Amino acid sequence: MKQTIYYGGNIITMEEPVYAQAVLVENGIIKAVGTFGEVSKLAAENPEKVDLNGKTMMPAFIDAHSHFLACANSLLQAQLGECVNWNEIIERLQDFAKMDKTPKGEWIRGTGYDQNNLAEGKAPDRHFLDKTFPDNPVFIQHASGHMGVYNTFALNLLGISKDTPCPEGGMMEKDSDGKLTGYMEENAFIGPLKKIPMPDIEDMMDAISKAQEIYLSHGITTVQEGMFMDAMVPLYKEMLNRKILNIDLVAFVDPENSKLTKKEFSNHIKKYTDNFKIGGDKIFLDGSPQGRTAWMRTSYKGEDKDYKGYPVLTDEQVYKYVYDALINDRQILAHCNGDRAAEQYISAIEKATKDVGKKLKRPVLIHAQLLGIDQIPKLKELGIIPSFFIAHIYHWGDIHIKNFGFERASMISPAGETVKEEIPFTFHQDSPVIPPDMLETIWCAVNRITKSNKVLGPELKIDVYDALKAVTINSAYQYFEEDKKGSIKEGKAADFVILSDDPLKVNKNDIRNIKVLKTIKNDKLMWQFE
């Protein structure tokens, strides 16, 4: 029997009372919370004692939505996030290919560019990529993951030409002569990605280990695979066979591409086996607001005054997925950035609820960037959990002002309104879109400041405690794990993060400067700051 007493710092319980003096853990489970004297009386002889030395301990953070394997895969791609023009993209790709010793005919991959940060104002076309890489298939992926560019070699290899029909819920850009530029969006871009060979298995296993370390370095002990497809099965089986996974991982499957997944991982459905479980289904309803593909009720600013983005699925398809989840008792998550996409999802849930005569169990509206204030009462009525990508306020808030105008942009990620309505909500970073930095996300939620120092929707700011709930107890609730995680309470897992400062006590502007010092899972030290 292993016992540990944690004491000597600020222990935020996320329960009442908010602070405790000490915590007793036995065999990885919290046994007692209270004063040092109280927990000491319940301990056996000579428990291990961990002095926090005035630092802050709280429940470990819980990732409400990201793409774990994509985070690993991104480590094997050229990083384009800091590129400011097309030439710099080429230089990064060249450096990566040289470092990776990529031979002719092999794929060169790049990720993270954002046309909003490029001097040219848009992504390079295939011809520009061809000049440097005539003998290699190349693709570059937008930071959102929803769009990108294939060079000519890649298009030919994938069997894509100007005569290839564009899939529904996608866009294939053509020039004035009707030829493909190589730039594609949504289903048109994402579909071909599934045909590209995965990197070497040993490289992927190493990348998975590194991705896990990244999450742990941000105090996260539960993560998400936000779109699990059958193509991922071999990698996941190998990862589990090697017992690489030390954190809890919850996967949500593509309902159209998961027969093999459900067969191979039948003993992982709704329960952890080797730290991995399948939580339910995931669907995409629209794209990215910064990429101008989110589906809106009002038009984007720009030359085309009627452009509102577009859907990925039809109303009938969305209803089918929602209905199937409801009758089969599965949780469902839907990617909805635009308010029109949110409307489609809400309407499908409302109809299915009436048709079946019961409610879905904790359906989640992922991103909720442009969720309308008028739509929030329906979330409460139907039990829909909004999971806000609230760090958009800082990372792309200025772009949202450009795309939607200041008034509409000010209302993005309306977490403050969900606090008023007493709706449980969560936060996420959609990694690898941005790093899984929970403290930056909390800073964004309480300050709502853009990169140019504009404040968006000051009335929608929330207090620090509510922001902390969004990445702890509320996220545990989203996963149906509130009885096991998310707060420091008797009977729950000893999953803790130790911070350099107390987010409830520092100046709100300094929250993102707080350091994660240690991450603990089941009373085991998993990561510490060097």
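What you are looking at is a predicted structure, and each value in this text was computed from that prediction instead of being measured.
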- Is it true that the NZ or CZ of Lys55 lies under 6.0 Å from the centre of Phe529's six-membered ring and within 45 degrees of the ring axis? no

- Message: Please find the pair of heavy atoms, one from Ala467 and one from Val446, that lie closest to each other, and give the distance.
- Response: CB-CG1, 4.2 Å

- Message: Less than 6.0 angstrom separating the ring centers of His392 and Trp396, yes or no?
- Response: yes

- Donor-acceptor under 3.5 Å (Arg448 side chain, Gly457 main chain): yes

- Message: Counting neighbours of NZ on Lys515 that are heavy atoms of other residues, nucleotides or ligands and sit closer than 6.0 Å, is the number greater than 12?
- Response: no

- Item | Phe265 and Tyr236 aromatic ring geometry - parallel, tilted or perpendicular at 30°/60° bounds | perpendicular

- Phe284 ring centre to Lys282 NZ or CZ under 6.0 Å, with the angle to the axis within 45°? yes

- Ring center gap for His65 and His367 short of 6.0 angstrom: yes

- Message: Tell me if a side-chain donor or acceptor on Thr418 pairs with a main-chain N or O of Ala415 at a distance below 3.5 Å.
- Response: yes

- Message: Could you check whether Tyr321 and Glu256, counting side-chain N and O atoms only, form a donor-acceptor pair closer than 3.5 Å?
- Response: yes

- Query: How many angstroms lie between CH2 in Trp443 and CG in Asn509, if you round to the nearest 0.5 Å?
  - Reply: 7.5 Å

- Message: Quick check against the 3.5 Å criterion: does Lys521 have a side-chain atom that pairs as donor or acceptor with the backbone of Met526?
- Response: no

- Query: Under 3.5 Å, is there a donor-acceptor pair between the Glu440 and His218 side chains?
  - Reply: no

- Message: Taking atom NZ as the centre, does Lys277 end up with more than 12 heavy-atom neighbours from other residues, nucleotides or ligands that are less than 6.0 angstrom away?
- Response: yes

- Query: Are side-chain N/O atoms of Asp63 and His428 paired as donor and acceptor at under 3.5 Å?
  - Reply: no

- Message: Could you tell me if Gln429 and Ser431 have a donor-acceptor pair between their side chains, going purely by distance under 3.5 Å?
- Response: no

- Item | Side chains of Asp355 and Tyr319, donor plus acceptor under 3.5 Å | yes

- What is the distance from atom OG1 of Thr56 to atom CD1 of Ile514, rounded to the nearest 0.5 Å? 7.5 Å

- Taking atom types as modelled and ignoring hydrogens, do the side chains of Ser413 and Gln369 form a donor-acceptor contact shorter than 3.5 angstrom? yes

- Note on the structure: When rounded to the nearest 0.5 Å, the distance separating CG of Leu285 from CG of Leu313 is 5.5 Å

- Interatomic spacing from CD1 in Ile12 to OG in Ser487 - rounded to 0.5 Å: 12.5 Å

- Message: Tell me whether the count of non-hydrogen atoms from other residues, nucleotides or ligands lying under 6.0 Å of NZ in Lys492 goes above 12.
- Response: yes

- Message: Using a 6.0 Å cut-off, check whether atom CZ of Phe480 has over 12 heavy atoms from anything other than its own residue.
- Response: yes

- Query: How long is the span from the CZ atom in Phe389 to the CG atom in Asn337, to the nearest 0.5 Å?
  - Reply: 8.5 Å

- Query: Just how far is it from atom SG of Cys71 to atom CD of Gln224, taken to the nearest 0.5 Å?
  - Reply: 11.0 Å

- Message: Strictly distance-based, threshold 3.5 Å: is any side-chain N or O of Thr472 a donor or acceptor partner for the main-chain N or O of Phe61?
- Response: no

